[in-house]
Protein chains: 2
Amino acid sequence: MTGKVTIKDVAKAAGVSEATVSRALSHNPRVKRDTRQKVQNIASNLGYHPNGLARSIRVQQTHTLGVIIPDILNAFFTHLSRAIEDAASRSGYDVVLVNTDESLAKEASALNLLLEKQVDGIIITSAGGPTDYAAILGSTPAVFVDRMPPNVQDTPYDRVLVDNVQGTQAIVTRLIQQGAQRVGIINSAVSFTASERLTGYQKALTAAGQEPDAAIEATAREDNSNVQQMTRQLLINQKCDGLFVGDNTIMEEVLRKLPDLNLPHLQLGGFDDQDWFDFLPQPIVTAKQPIAELGQTAIDRLLAKIADPDLLPKEIRLSATTISR
Amino acid sequence: MTGKVTIKDVAKAAGVSEATVSRALSHNPRVKRDTRQKVQNIASNLGYHPNGLARSIRVQQTHTLGVIIPDILNAFFTHLSRAIEDAASRSGYDVVLVNTDESLAKEASALNLLLEKQVDGIIITSAGGPTDYAAILGSTPAVFVDRMPPNVQDTPYDRVLVDNVQGTQAIVTRLIQQGAQRVGIINSAVSFTASERLTGYQKALTAAGQEPDAAIEATAREDNSNVQQMTRQLLINQKCDGLFVGDNTIMEEVLRKLPDLNLPHLQLGGFDDQDWFDFLPQPIVTAKQPIAELGQTAIDRLLAKIADPDLLPKEIRLSATTISR
DNA sequence: CTGAAAGCGCTAACAG
DNA sequence: CTGTTAGCGCTTTCAG
């Protein structure tokens with residue numbers, strides 16, 4: 001904890017009461033110009049930094065928001081947390097970010113940590129468990145972003161989500177239009193987004209008069225250790241000439257395998273866009289998520305809920321954009 | 001702020017004193033098994049979460065460390081902050097991370113924020129200004145990582161740095177060994193690392209019997225907006241057949257320009273490694289920084305300093321690894 | 001315009 | 001083994 005210069009020291013040095021120091025430093029108008037000046041000078045000379053904990057405990061709010069993210073190394077979440085921070089900062093809120101590594105246990109302790117830090121609200125990208133959020137959160141406002149846990153339908157929380165069905169359908173449809181006859185899928189292990197993306201994939205096939213085929217619907221392990229082998233399975237054994245990839249981490253593994261397979265006419269598509277896809281040798285079509293809007297909307301809803309706890313929960317869907325390279 | 005169930009509520013419901021609740025919940029041995037059980041049950045039934053602010057203010061430490069990072073979207077810093085978090089978490093510390101966007105003003109408010117949050121210590125990747133850290137930090141321990149501000153030499157802070165000179169020299173030497181006759185440099189705008197990397201570059205040239213030439217030493221703008229043009233300048237106008245690039249963000253712009261220039265025999269090298277360099281069509285040699293060690297070492301030093309404020313400051317240099325693709 | 005005093009929620013003596 | 005009390009640093013009535 002920092003050096004011990006407190007409001008009391010400043011008060012003593014300035015020859016005024018603690019109350020006056022407090023007022024002077026918080027730009028309270030009911031204090032003489034001179035007094036304010038003197039107090040401010042002395043405070044900065046002494047290197048006084050108000051103790052935010054003491055303040056928060058007194059005013060019963062921290063002006064801090066908690067953010068729970070499953071994997072900060074995943075570029076999508078890096079950008080999402082940045083978007084959330086920017087949006088929060090625009091509204092004058094600080095942010096404490098916690099990683100869960102997709103682990104329910106870590107998510108639970110993250111939640112506890114944030115609650116103990118008395119954050120004014122929490123933004124959660126859920127690790128997907130059947131956690132009883134309402135029981136843990138109590139009266140702390142929260143909004144779910146990107147992923148919705150299974151039982152959250154009837155809970156009092158907002159959800160800010162991407163339209164995974166539409167986004168996936170658009171991409172798979174594009175692959176088919178570009179000539180793919182048989183499009184496989186390597187989906188992610190994350191239940192919420194994966195099931196929506198699978199639906200989008202199947203709708204695209206059906207709309208094109210094709211029959212979904214379980215033999216070319218694969219699911220990656222959480223650590224993606226089986227992706228390269230699945231890529232071969234779908235593209236060689238199953239003779240797919242199109243492939244939809246469930247997220248950017250899986251895509252990286254697929255790209256790692258492709259050169260071995262030498263398939264110049266493969267139609268490749270996937271969720272999540274990355275700048276460096278510009279440098280890839282093969283064409284690729286991606287669903288770029290509206291990350292900035294996701295962050296801003298989540299913050300807007302959370303702050304609204306903090307301001308008015310009776311606000312009714314909403315589910316908001318934002319659309320992904322299809323990008324062809 | 002969270003629902004208002006406090007230690008007092010638990011005490012009342014359990015028919016004991018607040019002190020006993022506190023003891024029971026903090027596994028203090030001096031409390032009867034039965035009482036502890038009862039208290040724990042009641043606490044969890046009530047959905048009690050201890051108020052960490054109140055606790056911290058009382059015990060005069062937060063068990064939280066602050067981390068100041070210039071750009072969380074830069075992959076190097078994403079990984080560095082993750083490494084720091086992991087190391088901190090291993091020692092039971094929480095982390096609050098703040099972005100500065102390389103702005104001195106934002107760095108100043110980040111520092112203030114962390115100080116007001118009463119963090120036990122701070123890890124700083126400096127935006128590079130002449131900030132008087134000692135004046136701001138007071139007695140809060142801090143360590144500098146990756147970059148050292150100009151005036152920190154004689155201040156009481158540890159520095160954990162990469163050996164930029166050696167790392168750069170190794171790469172440029174490699175480029176020359178591979179046949180480059182004239183190696184240019186596009187350096188970053190960050191003064192600390194840039195000047196060290198320039199030194200390494202020049203040492204490599206000199207060691208190879210070449211004369212450094214200011215005409216092929218370029219510096220990128222902070223937003224890299226002039227990098228593509230510089231790439232052309234060095235590779236076409238100045239006829240460089242080798243190029244050293246100061247960091248990964250600049251490298252991305254260089255890579256964006258290269259296809260236009262059609263230089264199949266270019267010897268390309270740069271600081272910072274990225275996984276996706278695997279997918280590049282041309283060869284590239286990079287300096288991979290020891291990020292995990294950087295984070296762990298910084299945390300080790302910081303915790304040591306927290307434990308013993310009289311610890312003498314040290315400067316630690318870690319080596320980068322040369323990777324050829 | 002300023003001061004005195006109370007109290008936010010918690011833990012650490014000190015008693016018992 | 002448990003209760004009483006004081007106090008961490010701050011803001012906010014309530015008086016003046």
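Note that these values count all heavy atoms, side chains included, but never hydrogens, waters or copies made by symmetry.
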Subject >> Test applied, side-chain contact (heavy atoms from CB on, under 4.5 Å); reference residue, A/Leu294; option that passes from A/Thr125, A/Leu161, A/Val162, A/Ile299 >> reply: A/Val162
Rounded distance in Å - [atom1] ([X]) to [atom2] ([N]):
X        : N      : atom1 : atom2 : result
B/His49  : C/dG9  : NE2   : P     : 16 Å
A/Arg58  : C/dG9  : CZ    : C1'   : 12 Å
B/Gln61  : C/dC10 : CD    : P     : 17 Å
A/Asn51  : C/dC10 : CG    : C1'   : 14 Å
B/Ile57  : C/dG7  : CD1   : P     : 17 Å
B/Leu53  : C/dG7  : CG    : C1'   : 16 Å
A/Glu116 : C/dC8  : CD    : P     : 20 Å
A/Ile7   : C/dA4  : CD1   : P     : 14 Å

**OP:** Would you mind telling me which residue lines up with the more 5' stretch of DNA chain C, B/Gly52 or B/Arg23, judged by nearest nucleotide?
**Re:** B/Gly52
Original post:
Checking all strands, does A/Thr35 fall into the base, sugar-phosphate, or nothing category for heavy-atom contacts under 4.0 angstrom?
Top reply: sugar-phosphate
**OP:** Tell me, please, the opening and closing nucleotides of DNA chain D, 5' to 3', among those with an atom under 4.0 angstrom from a non-hydrogen atom of chain B.
**Re:** D/dC1 to D/dG9
Is any side-chain heavy atom of [Y] closer than 4.5 Å to one of [X]?
X        : Y        : result
A/Asp9   : A/Lys4   : no
B/Ile123 : B/Leu65  : no
A/Ser126 : A/Tyr133 : yes

Original post:
Which comes earlier along DNA chain D counting from the 5' end, the contact point of B/Arg33 or that of B/Ala54, where each point is its nearest nucleotide?
Top reply: B/Arg33
**OP:** For A/Thr155 and A/Pro313, work out which heavy atoms get closest and say how close.
**Re:** O-CG, 4.1 Å
**OP:** Hey, can you tell me if A/Tyr93 and A/His63 have their rings parallel, tilted or perpendicular (30° and 60° cut-offs)?
**Re:** parallel
Original post:
Side chains of A/Asp300 and A/Gln296: is there a donor and an acceptor less than 3.5 Å apart?
Top reply: yes
Original post:
With respect to the phosphate group of C/dT11, does any side-chain polar atom (N or O) of B/Ser22 fall under 4.0 Å of OP1 or OP2?
Top reply: yes
